[in-house]
Amino acid sequence: MSVRVRFAPSPTGFLHIGGLRTALYNYLFARHNDGKFVLRIEDTDQSRYVEGAEQDIIDSLEWAGMKIDEGPGKGGDHGPYRQSERKDIYHKYAEQLVEQEQAYYAFDTVEEIDEMRERLKKSGNPSPKYDSITRQSMKNSLTLPQDEVEKRLENGDEYVIRLKVPRKESIRFEDEIRGHVSFETEGLDDQVLLKSDGMPTYHLANVVDDHTMEITHVIRGEEWLSSTPKHILLYNAFGWDAPIMAHLPLIMSPSGGKLSKRNAESEGIPVNTKDYISGNYEPDALVNFLAYLGWSPGDDSEIHTMEELCDLFTLDRVSKGGAVFNYKKLMWYNENYIREHSVEELKPRVEALFLGKGFEIPDDDFLTTVIELLHERVSKVDEFTSMGAFFFEAPTAYDEKALKKWKDDSPMLVQSYKARIEQLSEDEFEAVTLKDKLKETIEEHDVGFGKLMMPLRIAVSGQGFGPDLFPALELIGKEEIIKRIDTALNKL
RNA sequence: GCCGCGUUCGUCUAGGGGUCCAGGACGCCGCCCUUUCACGGCGGUAGCACGGGUUCAAAUCCCGUACGCGGUACCA
C-alpha cells in the first residue's frame with residue numbers, strides 16, 4: 001500500500017511555525033516513502049474562520065519548498081479537500097452511526113449541559129461528563145420517546161449527534177513515536193460528532209476524511225494524543241482500520257509552554273510563517289532548522305537540503321520530548337545558507353531590497369562588489385541594506401557605541417590621512433594604495449593601526465563594524481570619501 | 001482535580017545494559033589568522049532530574065517521586 005499523509009490545518013489565522021514543522025515532517029515522510037502529501041483544510045469552525053488564511057497556508061508551504069500533491073486548488077481523486085464542502089459526507093456517516101446505535105441525537109441546550117455540570121460539581125464530582133451515566137438524564141434519543149424525537153427532528157429543532165462512548169473500556173494503540181499508549185474511556189464525554197450548525201466536529205471530520213482519503217499515516221502534534229482514543233473509537237464504530245499514528249513533540253518557547261504568539265514574540269521569535277517570509281529569512285535555513293527541532297539523522301551532520309532531508313527522514317528518529325525553539329541556532333543556519341548561496345543567487349533579492357529602500361544602483365558591477373564585500377558578514381539577507389547603506393549614501397548619524405573609539409587624536413589622524421589621499425588621482429584611488437597611505441600615516445604619527453582605522457570607518461560609514469574598508473573606499477570613490485571625511489571632521 | 005505524554009550540557013541532540021570518568025551542534029569564553037570588522041581554524045565551559053530496585057555491570061531495564069508539557073468544549 002502506498003503511503004499517503006496529510007497536513008490538515010484549520011484556517012483560523014496565519015500558519016504557525018509549529019504547523020509548518022508538522023507539515024514538513026509529513027512532507028519529508030511522504031517523499032521518503034514515495035508517497036503523497038495531501039493538504040486538507042479543516043474549516044469546520046465557522047466562528048473562527050479567517051479570510052485569507054487558506055491562501056496563507058498554501059503560500060507558506062510553497063515558500064518553504066513543499067509541493068502539495070493533492071489539495072484545494074490543486075485537485076486530486078479524493079476531493080473536495082475543504083471540509084466545509086464535505087458536509088453531506090459527514091452527515092451520512094453520522095446518521096449511519098445513529099442507525100447502528102453507536103451514536104444518538106441530543107437536544108440539550110448548552111445552558112442545560114452547563115447546568116448539569118454545575119450541579120454535579122456541587123455534589124462533589126470534580127469533572128462532570130456528558131457520559132454513559134449522565135446521558136440517561138438528558139434530552140436525547142436514548143431517553144426521549146421515539147415519537148418525540150421524530151417530531152423534534154421534523155420541526156427542525158436544533159440537535160447534535162453524540163457518540164455513545166462505552167462506559168469502561170481500555171483503548172490501546174501503538175504510536176510510531178511513543179510506542180504503546182493506552183487510555184480508559186471512563187473520563188471521556190460522549191463526543192459531539194455533528195454540531196447543531198450542521199458542521200461536523202474535528203473528530204468526526206478527521207476520521208471520515210482520513211479514511212475516505214486513504215490516509216495511511218497520521219502525523220500530527222502531540223496536542224492530539226489525548227484525542228486519539230476518541231478517533232480509535234470512531235474507526236472501530238465504522239469498522240475501519242485506523243491509520244498509523246505518530247504524535248510529534250511540541251515546539252516550546254524558551255520561557256516555557258507550547259510556542260504561542262504570546263510567549264514567543266516576547267522572546268523575539270516570530271510565530272507565523274509569513275513573518276519569516278516578510279522578515280527575509282532563508283527558507284532552506286528555516287526548513288533545516290525546523291527539521292532538526294525534534295528529529296536528527298543520528299550522525300553528526302547539521303546542514304541538509306530539503307532533498308537530503310527527504311532521503312534521511314524516518315519517524316523512528318523523531319524524539320519524544322518537547323523541543324525549545326533556539327533562535328540563535330536558526331540564525332546560525334541562516335548565515336550558513338546565505339554564505340552557501342552564490343552572489344548571483346543573492347543578487348535579485350538584494351537588489352530588490354536596496355531598491356525598496358530607495359537606493360539607486362549605478363551598475364551591476366557595483367552591486368556585485370557590494371554583495372561580495374558583505375557576503376561573509378551578513379546573517380540575514382536584509383542586513384545587506386542596513387550594513388551596506390553607506391555604499392549608497394553618506395551616514396546620516398554616527399553610531400554611539402562606535403563613537404567611543406573617536407578619541408582626541410582622531411581628528412588629527414583622519415585629517416592627516418585625508419591630506420594624503422587627496423593627492424591621489426582618480427585612477428590611483430584603489431584599495432591597495434589606500435591601505436598604503438594609511439600605513440604611511442600611522443608610521444608618521446607612530447600610532448597603532450586601529451587608532452586611524454576606526455575613526456576612518458566611522459567617518460565613512462557611521463558604524464564601528466562592516467566590510468573590508470579599503471575596497472569600500474575605492475568603490476565609493478574619492479570625491480565622496482573626501483566629502484564624508486570633511487563632514488565627520490566638522491561634526492565630531 | 002482527573003487523564004495522558006515526557007525528562008542526557010543553558011538550548012537542539014547522539015547514545016537503547018559493558019566500547020561513555022557520555023559524542024556532535026548552537027551559545028558563551030579563550031587562542032590563532034587578519035596591523036580594521038567579519039569569515040575561518042583550534043581549544044575550553046557545561047549534562048544522564050531524584051530515590052529505590054534488577055544485574056557481575058545501568059544514561060541505557062523496572063518501580064516510585066519530583067518537575068515540565070498536553071488534554072479534559074457544539075475549538076481545532
From rA25(B), rA76(B), rC69(B), pick the nucleotide closest to the side chain of Lys258(A)? rC69(B)

Considering only heavy side-chain atoms of Asp300(A), the closest of rU7(B), rG23(B), rA14(B) is rG23(B)

Between Arg457(A) and Gln191(A), whichever has its closest RNA chain B nucleotide further toward 5' is Arg457(A)

Indicate, with a heavy-atom threshold strictly under 4.0 Å, whether Met252(A) touches base, sugar-phosphate, or nothing. sugar-phosphate

What does Ser47(A) touch in the nucleic acid at a heavy-atom separation under 4.0 angstrom: a base, only the sugar-phosphate, or nothing? nothing

Evaluate the side-chain proximity of Arg178(A) to Leu225(A): yes if any heavy-atom separation is below 4.5 Å, no if none is. yes

Could you please name the partner base of rU34(B), counting Watson-Crick and G-U wobble pairs only when both distances are under 3.5 Å? none

Between protein and nucleic acid, restricted to nucleotides 9-12 of chain B and to nitrogen or oxygen atoms under 3.5 Å apart, what atom pairs and distances do you find?
unit_1  : atom_1 : unit_2    : atom_2 : d
rU11(B) : O2     : Asn326(A) : ND2    : 3.4
rC12(B) : OP1    : Val324(A) : N      : 3.0
rC12(B) : O2'    : Tyr292(A) : O      : 2.8

Any side-chain donor paired with an acceptor under 3.5 Å for Asn140(A) and Tyr159(A)? no

Please measure how far the P atom in rG47(B) lies from the corresponding atom in rG41(B), and state the result in whole Å. 26 Å

Describe the nucleic acid contact of Phe465(A) in one word from base, sugar-phosphate, nothing, applying a heavy-atom distance below 4.0 Å. sugar-phosphate

Whole-Å distance, Leu248(A) CG to rG6(B) P, equals 14 Å

Is Thr134(A) close to Arg119(A) at the side-chain level, that is, under 4.5 Å between some pair of heavy atoms? no

State, to 0.1 Å, how close Leu39(A) and Tyr81(A) come at their nearest heavy-atom pair, and which atoms those are. O-CB, 3.6 Å

Rounding to an integer number of angstrom, what distance separates rC50(B) and rC67(B) when you compare their P atoms? 15 Å

Using a 4.0 Å heavy-atom cut-off across all strands, classify Asp108(A) as base, sugar-phosphate, or nothing. base

If I take atom CG in residue Asp175(A) and atom P in nucleotide rG71(B), what distance separates them, rounded to the nearest angstrom? 16 Å

For Thr44(A), which contact category applies under a 4.0 Å heavy-atom criterion: base, sugar-phosphate, or nothing? sugar-phosphate

Pairwise C1' distance, rG17(B) and rC62(B) [rounded to whole Å]: 13 Å

Quick one: on RNA chain B, does Arg377(A) or Gln83(A) contact a more 5' nucleotide (nearest heavy atom)? Arg377(A)

Per atom distances to the Phe449(A) side chain, the nearest of rU35(B), rU72(B), rC39(B) is rU35(B)

Using the side-chain heavy atoms of Trp332(A), tell me which of these nucleotides is nearest: rU7(B), rG27(B), rG70(B). rG27(B)

Among rU36(B), rC75(B), rG4(B), the nucleotide that comes nearest once only the side chain of Met453(A) is considered: rU36(B)

Before accepting this row, confirm whether a basic side-chain N of the pair Asp399(A)/Lys401(A) lies closer than 4.0 Å to the acidic partner's carboxylate O. no

Span that lies between the P atom of rC29(B) and that of rA38(B), in whole angstrom: 12 Å

Under 3.5 Å for both donor-acceptor distances, Watson-Crick or wobble: does rA66(B) have a partner, and if so which one? rU7(B)

Worked verdict on Ile338(A) versus His375(A) for side-chain contact (heavy atoms from CB on, under 4.5 Å): CA-CA 8 Å; Ile338(A) 287 182; His375(A) 201 179; 4.0 Å; yes

Nearest-angstrom distance from the residue atom CG of Leu225(A) to C1' of rA76(B): 16 Å

Whole angstroms only, please: what is the CD-P distance between Glu186(A) and rG4(B)? 11 Å

Short side-chain to backbone donor-acceptor contact, Ser296(A) and Tyr292(A), under 3.5 Å: no

Closest to the Lys435(A) side chain: rG6(B), rG15(B), rU35(B)? rU35(B)

With heavy atoms under 4.0 Å as the rule, sort Tyr202(A) into base, sugar-phosphate or nothing. base

Picking from rG40(B), rG70(B), rG6(B), which would you name as closest to the side chain of Ser226(A)? rG70(B)

Under 6.0 Å from the six-membered ring centre of Phe313(A) and within 45° of its axis: does the NZ or CZ of Arg317(A) meet both? no

Kindly point out which of rG6(B), rG70(B), rC74(B) is positioned nearest to the side chain of Ser196(A)? rC74(B)

Can you tell which of rA25(B), rA76(B), rU72(B) lies closest to the side chain of Lys129(A)? rU72(B)

Check: Ser127(A) side chain, rG1(B) base, donor-acceptor under 3.5 Å: yes

Protein-nucleotide distance (Leu120(A), atom CG; rC2(B), atom P), rounded to Å: 17 Å

Hey, does the Lys NZ or Arg CZ of Arg162(A) hover above the aromatic six-ring of Tyr130(A), less than 6.0 Å from the centre and inside 45° of the axis? yes

Distance, rounded to the nearest Å, where His203(A) contributes NE2 and rA73(B) contributes C1': 9 Å

Checking all strands, does Asp468(A) fall into the base, sugar-phosphate, or nothing category for heavy-atom contacts under 4.0 angstrom? base

Is the number of heavy atoms from other residues, nucleotides or ligands within 6.0 Å of CZ (Arg167(A)) greater than 12? no

Using a cut-off of 4.0 Å on non-hydrogen atoms, how would the nucleic acid contact of Arg317(A) be classed: base, sugar-phosphate, or nothing? sugar-phosphate

Among rG40(B), rC74(B), rA25(B), the one nearest any side-chain atom of Lys195(A) is rC74(B)

